[in-house]
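Below you'll find the structure, written out as structure tokens, and then a few comments.
Atoms within a ligand are numbered from 1 in the order they appear, just like the ligands themselves. Quick note: residue numbers are just sequence positions, from 1.
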Amino acid sequence: MKKSRSKSRKVEKAAIDPMSWWREVRFGLFIHWGLYAVPAGRWKGKPVPGIGEWIMHRAKIPAAEYEKLAADFNPTRFDARTWVQLAVDAGMKYLVITSKHHDGFAMYGSKASPYNIVDATPYARDPLKELAHECQKAGIKMCFYYSQDQDWHHPGGSGNDWDYPNRTKEDFARYLKTKVKPQLKELLTEYGPIGLIWFDTPWWITKTQSLDLKRYVHRLQPNCLVSGRVGHDVGDYGSFGDNQIPVGRIEGDWETPATLNDTWGYKTGDSSWKSVEELLYLLVDLASKGVNYLLNVGPTAEGIIPAPSVERLQTIGTWMQRNGEAITGTEAGPFPYEIENCRFTQKGKRLYVMLMKWPRNRKLTLVGLKTNVRQARILTAPDKELAFTQTSGDGPMPSRLEVKLPAKKADPYVSVIVLDLASPAEIEPGILQQPSGRIELNAFMGTLHPSKTGRQIRLNPIGATESWFTRSNSISWSFTVSEPGTYRIEVGIVRGRRQPKWIGGHKLTLTINGRKATRRIRAQAWRDTPRAQYFPEAITRFGTVTFERPGVYKAKLTADEISPKNPEGVLLTSIELLPE
Ligand code: FHN
């Protein structure tokens, strides 16, 4: 039978991209909950340093001893509805909970292993069933974290070399077959539709095994996504490092898992709570880069989400109620680079400008937006139009938009200005001088010059250079100066994902507008940006440069010596030129 056009169109419509919900949500709740909440960071009366859920590993607790914690795990104050409501009220649209963390303990009623909350604790209930039910009722996606690689309880899993020092590849394969797959099957057949499986720490897993797990999940639930940490870049989306924030907008689908304090699993004494300002900054920043923000809470062994977490999420929720339109269902903003105190998201012809600071001069000034603005308003005051002027670019003078703002900021945290445009936003290409006078030469805006042989400079996922190990690699930029003057030069180098500490020591030469400066990289100051909270970016000063007239200029960074101490090479984020 001949297919009619309309019929085949219907078929196309029915095939929904399984990633589409994930791209809409932007903000989710991560929950690390397990036996580690019982010792809560202390073992035999002493504090154990590091994150709470790693206590078994850090204190090298024998599995047979750690197991006994199950007898004390009785979270009678757990209430699935309250947890889900907290996520909903915060504007979160998915919830990811540890079904099994590295300690190997299943937080649900598993038939594949008796080491689980129903069979091994006095509680004897399945909290994940209750959460799945509440998530379905509330219309948010239920998702499971599952530690597929590390399992410190199973003699075949990775990570526990104090109980099981002689594990082999065959033991690991057997563990995948006899524990991981049966447990995944339970999670994907007994809890309704699952949004994603959040795999983690792919240490031992081979590419074939990662692919096999991904296919296994998709066979059991074709629409269930697989996190990037299944290993070997075969996941459905990418996962940045813990609390890692990209430098600018990035291509593809990415998520940042992040903490509210420092630990993931509950730990007494960890009071490094991030402020609501910082948390909202990160939410807005990540959304503007098209990245999902998965924000963690670590409930207690009684089943309570700590009050400082609840208070912060509630305040974020109040902000989301007023301003969530600028986050949920939006795309990354049109500017590839960060703009000071300002982030953007967009939906069709609507551009959301999120102001972290209310401009003292009561003006929102943007350069480089080519599209005509039809109307400007504050998101929370839709009836009042804001006056604005817009000029188009001319040579080194970029197009410029100035919106008049009222004296009083629209929101105590982040104020959102809505710009309705004549067509989807278009931005002038290249690096433009910002209204503050600052010029930022981001690594990802530069041209990389790899050497003919040997290891090649490239960009890492967050947009910094990496694998820059030889002198024959370099990076260059061309950029537009609209305000002549003298600028001080600051070169930013970030801590690598696999380094416990920031490492400097390279000797670099910057040639800018014909002027050469050579400096040894060291931490003369630190960049003050929330992106640098866990991944510090050190600044090395390279003197000053003067531009006599407006125009297009060139800069080039080469390496004279690369410190062998840094296993990731030169990790340049950006060079900032700041008016003197
Ligand atoms: O080792 C885990 C850690 O305990 C926690 O679960 C985080 C969350 O992203 N993932 C691993 C470290 O990256």
Side-chain angles (χ1 to χ4, degrees), residues 27-41 43 48-61 66 69 92 94-107 128 143-154 157-161 180 195-205 210 225-233 235 237-246 254-267 270 272 274 279 282 286 291-299 309 460-462 495-500 533-535:
F27 192 26
L29 182 66
F30 211 178
I31 306 178
H32 275 67
W33 198 36
L35 292 185
Y36 37 82
V38 176
W43 195 251
V48 178
I51 43 184
E53 72 284 4
W54 270 70
I55 191 165
M56 178 175 173
H57 194 280
R58 292 268 151 80
K60 303 279 178 261
I61 305 171
Y66 185 88
L69 291 172
M92 293 161 150
Y94 64 123
L95 182 153
V96 185
I97 185 162
T98 43
S99 60
K100 184 202 83 162
H101 201 264
H102 309 330
D103 64 1
F105 186 75
M107 286 296 286
L128 303 198
C143 310
F144 293 126
Y145 172 107
Y146 189 89
S147 177
Q148 83 283 20
D149 199 303
Q150 294 194 72
D151 189 311
W152 306 328
H153 188 259
H154 193 285
S158 73
N160 182 346
D161 47 17
V180 175
L196 60 92
I197 300 286
W198 215 94
F199 291 112
D200 204 0
T201 61
W203 289 0
W204 279 11
I205 198 161
S210 294
L225 304 174
V226 167
S227 82
R229 296 195 191 181
V230 69
H232 306 279
D233 293 331
Y237 65 88
S239 176
F240 286 120
D242 297 347
N243 291 302
Q244 195 179 30
I245 314 288
W254 289 88
E255 178 188 62
T256 290
T259 50
L260 271 161
N261 44 352
D262 286 335
T263 186
W264 299 86
Y266 179 69
K267 184 175 181 186
D270 179 346
S272 339
K274 292 170 189 90
L279 296 164
L282 291 173
L286 287 168
V291 177
N292 281 6
Y293 188 32
L294 184 60
L295 187 54
N296 183 72
V297 294
S309 301
N460 69 13
I462 66 149
R495 166 170 89 74
R497 184 169 167 175
R498 289 178 291 279
Q499 303 162 9
Q533 253 178 0
Y534 289 86
F535 291 85

Quiz question: by atom type and distance under 3.5 Å, do the side chains of H102 and S147 form a donor-acceptor pair? yes
Go through the side-chain N and O atoms of S272 and D262 and say whether any donor and acceptor fall under 3.5 Å apart. yes
Does R229 make a cation-pi contact with F199, if we ask for NZ or CZ under 6.0 Å from the ring centre and within 45° of the axis?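 No.
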Below a 4.0 angstrom heavy-atom separation, can you tell me which part of F240, side chain or backbone, both or neither, approaches ligand 1? neither
Counting only heavy atoms closer than 4.0 Å, does ligand 1 sit against the backbone of R229, its side chain, both, or neither?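 For R229, only side-chain atoms sit under 4.0 Å from ligand 1.
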Considering distance alone, does some N or O of [X] sit under 3.5 Å from an N or O of ligand 1?
X	value
H101	yes
H102	yes
D200	yes
H32	yes

Starting at CG of L286, measure out to OH of Y293 and round the result to the nearest 0.5 Å.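 So the CG of L286 and the OH of Y293 are separated by 7.0 Å.
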Rounded to the nearest 0.5 Å, how far apart are CG of D103 and CE of M56?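 The CG atom of D103 sits 7.0 Å away from the CE atom of M56.
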Test item, W198 contacting ligand 1 (heavy atom, 4.0 angstrom): yes
Could you list which atoms of ligand 1 come closer than 4.0 Å to a heavy atom of W54?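 Answer for ligand 1: 1 (O), 2 (C), 3 (C), 4 (O).
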Nearest neighbour in protein (non-hydrogen) for atom 13 (O) of ligand 1: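 For this ligand atom, the closest protein heavy atom is D242 OD2, 2.7 Å.
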Give me the residue, atom name and distance of the protein heavy atom closest to atom 4 (O) of ligand 1. E53 OE2, 2.5 Å
Looking at Y145, is its backbone amide N or carbonyl O close enough to the side chain of S99 to form a donor-acceptor pair, meaning the two atoms are under 3.5 Å apart?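 The answer is yes, because a donor-acceptor pair under 3.5 Å joins these two groups.
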Would you please indicate yes or no on a ring centroid separation below 6.0 angstrom for W152 and Y66? no
